[in-house]
Amino acid sequence: MSKHFLSISIVLLSIAIFFLAFQLGNSVSSEENEPVQMVDSKGLLTVEEAASYLNLNKEKLTAIIRQQDSSREILSSFDTYEYIPYIQIGEDKYFNKEQIDEWIRYNTIIWKEVEY
């Protein structure tokens, strides 16, 4: 009886190892076919990328920037993140993702509604 038990155990263990190797081979080959998503390591975002990050369309973000710029012009001082921070190079505006997060955090804490 123990001779048959040992033989059956060896056969079952062999089948299990073969099945596991087959499953691992399929999972590795399917991962190779999937596109690799790179972590966005860009330092600055364009207006389109910032709008996408904020889940807005470009026109709405541009309207927010325009409104905030006009109200910021009349102030002599203001909190850093009261207005969406960006840098302008020529005619193009660029945004830092971390500063956008801080702007969101600041305006969420003080419950300020952003007008546009």
Side-chain angles (χ1 to χ4, degrees):
M1 174 80 177
S2 67
K3 290 182 182 180
H4 294 293
F5 181 72
L6 182 61
S7 300
I8 292 172
S9 298
I10 291 172
V11 169
L12 288 176
L13 183 59
S14 300
I15 292 171
I17 291 172
F18 177 75
F19 181 73
L20 178 63
F22 180 75
Q23 291 292 357
L24 286 175
N26 282 341
S27 69
V28 169
S29 66
S30 68
E31 288 175 1
E32 290 172 356
N33 295 334
E34 294 178 9
V36 177
Q37 293 186 357
M38 299 289 289
V39 175
D40 188 4
S41 61
K42 279 178 44 172
L44 298 174
L45 304 174
T46 63
V47 174
E48 293 84 5
E49 292 168 335
S52 176
Y53 181 70
L54 291 168
N55 202 23
L56 300 170
N57 60 36
K58 180 183 174 184
E59 292 75 25
K60 194 173 281 191
L61 179 58
T62 304
I64 291 171
I65 293 168
R66 194 176 317 115
Q67 187 277 331
Q68 288 187 349
D69 283 349
S70 65
S71 65
R72 182 175 27 200
E73 285 177 357
I74 60 175
L75 298 175
S76 59
S77 67
F78 52 86
D79 290 337
T80 303
Y81 294 108
E82 186 174 349
Y83 301 100
I84 189 165
Y86 66 89
I87 63 170
Q88 186 162 349
I89 302 173
E91 294 295 317
D92 299 324
K93 294 176 176 62
Y94 296 96
F95 303 83
N96 181 295
K97 192 173 184 180
E98 288 80 24
Q99 288 185 342
I100 291 175
D101 292 338
E102 286 298 321
W103 175 71
I104 292 169
R105 200 170 295 119
Y106 175 88
N107 286 285
T108 303
I109 290 172
I110 64 168
W111 292 81
K112 181 180 175 184
E113 183 176 341
V114 176
E115 299 174 10
Y116 58 93

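Computed over heavy atoms, backbone and side chain alike; hydrogens, waters and symmetry mates excluded. No experiment lies behind these values; they were computed from the predicted model shown. Each residue takes its place number in the sequence, starting with 1.
Residues I84 and N107 form no side-chain contact, since every pair of their non-hydrogen atoms from C-beta on lies 4.5 Å or further apart. Between L45 and Y94, the closest side-chain pair of non-hydrogen atoms is not below 4.5 Å. By the 4.5 Å heavy-atom criterion applied to side chains, D101 and Y53 are counted as neighbours.
Between K58 atom NZ and I65 atom CD1 the span is 10.0 Å, to the nearest 0.5 Å. Here the straight-line distance linking atom NZ of K60 with atom OG1 of T62 works out to 12.0 Å at 0.5 Å rounding. The distance from atom CH2 of W103 to atom CD of Q68, rounded to the nearest 0.5 Å, is 5.5 Å. Rounding to the nearest 0.5 Å places CD1 of I87 at 10.5 Å from CG of D92. Separation of atoms CD (E102) and OG1 (T108) is listed at 10.5 Å; rounding is to 0.5 Å.
Note: the hydrophobic cluster containing F95 does not contain L44 (ILVMFWY, side chain heavy atoms under 4.5 Å, direct or indirect links).
What you find for V47 and L61 is that their closest heavy atoms are O-CD2, 3.6 Å.
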> Please walk me through it: do R72 and D69 pass salt bridge (Lys or Arg N to Asp or Glu O under 4.0 Å)?
Replying inline: CA-CA 5 Å; R72 182 175 27 200; D69 283 349; 2.4 Å; yes
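Although no hydrogens or angles enter the test, the distance criterion places a donor-acceptor pair under 3.5 Å between the side chain of S14 and the main chain of I10.
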